[in-house]
Amino acid sequence: MLADERLRSSKAAAGRRRWETLAESLIEAAIRFCGVSAILFVFGIFFFVFREGAGILPKLDLVQFLFSPAWYPTSVSNVRYGVLALIIGSLSVTSLAMVIAVPFGLGAAVFVSEFCGQRARETLKVVIELLAAIPSVVWGFIGISVMNPLIQHVFSVPVGLNVLNGALLLALMSVPIIVSIGEDALKAVPDSYREASMALGATRWETVRRVLLPAAKNGLLAAVLLGVGRAIGETMAVLMATGHSINIPKSVFDPVRTLTATIAAELGEASSGSPHYQVLFVIGILLFSITFVVNVTADIVVKGLRK
Amino acid sequence: MNRSSRFPFPMLVGAVTLAAGVALVGCAKKAEEGQKPGEKASLQDIGSDTMVNLAQAWAEAYAGVDPAVSVEVSGGGSGVGIAALLNGTAAIANASRTMDSLEMAKAKAAGMDPKEFLVAYDGLAIYVHKDNPLDQISIEELGEIYREGGKIDDWGALGVKSIPGAKGTAIVRVSRQNNSGTYQYFREHVVGKTKDYKPGSLDMNGSKEVVELVAKTPGAIGYSGLGYATPDVKILKVAKKKGEPGVLPSIATVHDNTYPISRPLFMYTPGDPPAHVKQYIEWVMSDAGQKIVEESGYVPLPKK
């Protein structure tokens with residue numbers, strides 16, 4: 001009787017266990033797929049972009065493509081595909097944006113993580129996250145309607161849609177990323193470091209400069225590079241705010257055009273499969289390579305720092 | 001501290017973007033399937049950015065004429081409209097230029113025989129800031145401003161010593177993206193058929209954007225459809241040759257051909273249009289439809 005009951009309950013337990021293992025392995029498979037899917041998507045996108053652009057690659061004069069500023073894809077008499085002005089446009093806007101955003105972003109991260117009180121921190125974080133949630137078209141609109149007249153007026157320049165306008169917008173857009181990730185990196189430094197530093201008689205600022213920043217440098221670098229990635233890939237805001245003008249800038253007040261904006265503006269009307277369409281995809285490959293190089297450099301630098 | 005809540009965010013965004021992309025592709029497919037002739041519910045009217053205001057006004061008014069047909073208008077450009085016509089997503093393509101030989105060849109290859117309907121005219125107006133003292137410009141001077149290698153870069157060359165509110169007298173050239181119908185028309189008739197634009201112009205992505213930028217930039221000049229005029233900009237008189245009197249774009253001057261840069265606006269259908277499309281185009285060309293042309297700031301067809 002007793003043995004019988006025990007047998008039954010152990011059978012039920014075994015059944016439950018089998019069911020649980022099955023469910024577990026299913027969930028594990030699903031999670032594994034989620035993990036691997038990122039790789040699949042990246043390769044899928046790369047394959048697609050490459051396939052669309054590949055047709056023109058053998059015919060394209062790469063030297064002219066990379067080093068000529070003449071971009072006339074729809075010329076009647078003399079079609080020229082030179083993206084030098086676009087590359088310089090992208091790089092100039094991005095680097096100026098970083099010059100503005102990095103000190104602000106890292107400064108804010110240090111302040112939020114180390115210096116401000118609990119209530120100020122919560123308020124600041126909410127506001128910074130709000131900044132990140134503004135869509136880029138809205139930024140572009142601000143660039144055209146607010147910053148354009150402002151820059152014209154303050155700097156006495158003929159047109160306010162230029163490198164400076166685009167860079168200010170991009171800086172505002174990448175600061176939230178730098179702050180969030182930078183703050184996480186600082187928070188990840190164990191409190192025992194702070195305590196030890198304080199115990200040795202260091203001030204708060206000395207603690208930040210001598211202890212926390214060196215300890216968190218990998219995370220901070222990642223924060224900056226994610227900001228760069230955000231800036232170089234941004235399309236809508238720079239399309240609207242930089243003036244969209246094929247031009248090698250001589251000052252920050254010259255209008256420029258970026259690689260991303262060119263794709264956005266022209267792909268819609270280029271007839272599918274035409275050389276112009278294919279060249280736009282080659283620009284896509286170029287952008288892909290630029291971000292790839294940035295990421296790999298970041299990886300190498302981070303690994304180098306770790307040693 | 002709060003790491004776990006932060007890091008999945010970019011992945012989430014990625015996943016949502018991809019999902020949206022997939023959904024969009026799905027929708028596009030569905031729209032294609034829904035466009036079988038004989039189905040009377042909706043009519044896709046896609047194309048020219050110059051015509052999008054007009055096409056929208058027509059579509060809204062037509063809802064009162066034949067409630068059984070809903071006309072869905074979208075812009076994007078003449079090239080987009082014709083591409084949509086060729087791949088079967090549009091019943092009507094709006095175009096501010098005629099179909100080019102490449103597009104015709106593609107249509108023939110797809111077994112289509114596109115029909116062209118002249119539905120209105122547009123005067124291509126030359127806009128400057130409202131404080132600019134200049135009143136008139138010649139086609140030649142416009143060419144020198146916009147052409148690659150052209151000599152005019154400064155308002156001084158046109159006799160304008162200073163523009164109130166402008167910093168300096170450099171001409172800020174406002175142009176369009178290089179595959180818009182307006183860009184191509186302006187190149188053919190002003191810049192030079194086989195010539196190219198001077199680099200460094202601000203290339204706007206729509207007719208309205210050109211006028212808006214000119215309104216905010218005292219030193220600017222731009223070209224855009226007459227229908228986009230606002231009180232903040234000034235329309236210049238245009239002379240065929242330097243020294244001749246300039247002409248303002250208007251219905252009369254476009255009809256008698258004295259305004260030098262006006263152009264026809266077309267609707268294309270993939271072949272002989274089905275009954276409901278034909279009815280719509282006939283209504284567009286009727287007095288009722290042409291009255292809307294005039295109200296929207298374009299130039300109606302001359303009365304027969």
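Per chain, numbering begins at 1; letters A, B, ... match sequence-line order.
For A/Ile144, the parts sitting under 4.5 Å from any heavy atom of chain B are the backbone and the side chain alike. Looking at B/Ser180, both its backbone and its side chain come within 4.5 Å of chain A, counting heavy atoms on both sides. Neither the backbone nor the side chain of B/Ile163 comes within contact range of chain A; no heavy atom of the residue lies under 4.5 Å from a heavy atom of that chain. For B/Thr217, the parts lying near chain A are the backbone and the side chain together; criterion is any non-hydrogen pair under 4.5 Å. B/Lys106 touches chain A through its side chain: at least one heavy atom from C-beta onward sits under 4.5 Å away, while N, CA, C and O do not. Only the side chain of B/Glu148 comes within contact range of chain A, judged by heavy atoms closer than 4.5 Å. Residue A/Pro255 touches chain B through its side chain alone, counting heavy-atom pairs closer than 4.5 Å.
Once rounded to the nearest 0.5 Å, the distance linking OG of A/Ser145 with NZ of B/Lys216 reads 6.0 Å. Between the CG atom of A/Leu239 and the CD atom of B/Gln177 there is a distance of 9.5 Å, given to the nearest 0.5 Å. With values rounded to the nearest 0.5 angstrom, A/His244 atom NE2 is found 5.5 Å from B/Asn205 atom CG.
Within 6.0 Å of the NZ atom in B/Lys208, the count of heavy atoms belonging to other residues, nucleotides or ligands does not exceed 12.
Considering only heavy-atom pairs separated by less than 4.5 Å from chain A, the leading option among B/Val80, B/Leu102, B/Asp203 is B/Asp203. Of the listed residues (B/Gly165, B/Gly76, B/Gly168, B/Gly219), the greatest number of heavy-atom pairs within a distance under 4.5 Å of chain A belongs to B/Gly76. Ranking B/Ala83, B/Gly79, B/Ser78, B/Ser201 against chain A, the residue ahead of the rest is B/Ser201, based on heavy-atom pairs under 4.5 Å.
Closest approach of A/Asn247 and B/Gly200 over heavy atoms only: CB-CA, 4.4 Å. Counting all heavy atoms, side chain and backbone alike, B/Arg187 lies closest to A/Thr74 at NH1-O, 2.9 Å.
Between the side chain of A/Ser75 and the main chain of B/Asp196, no donor-acceptor pair closer than 3.5 Å is present. A donor-acceptor pair is defined here as one N or O able to donate and one able to accept, closer than 3.5 Å; no such pair exists between the side chain of B/Thr194 and the backbone of A/Val76. Remark: side-chain polar atoms of B/Tyr197 are not paired, donor with acceptor, to backbone N or O of A/Tyr72 under 3.5 angstrom.
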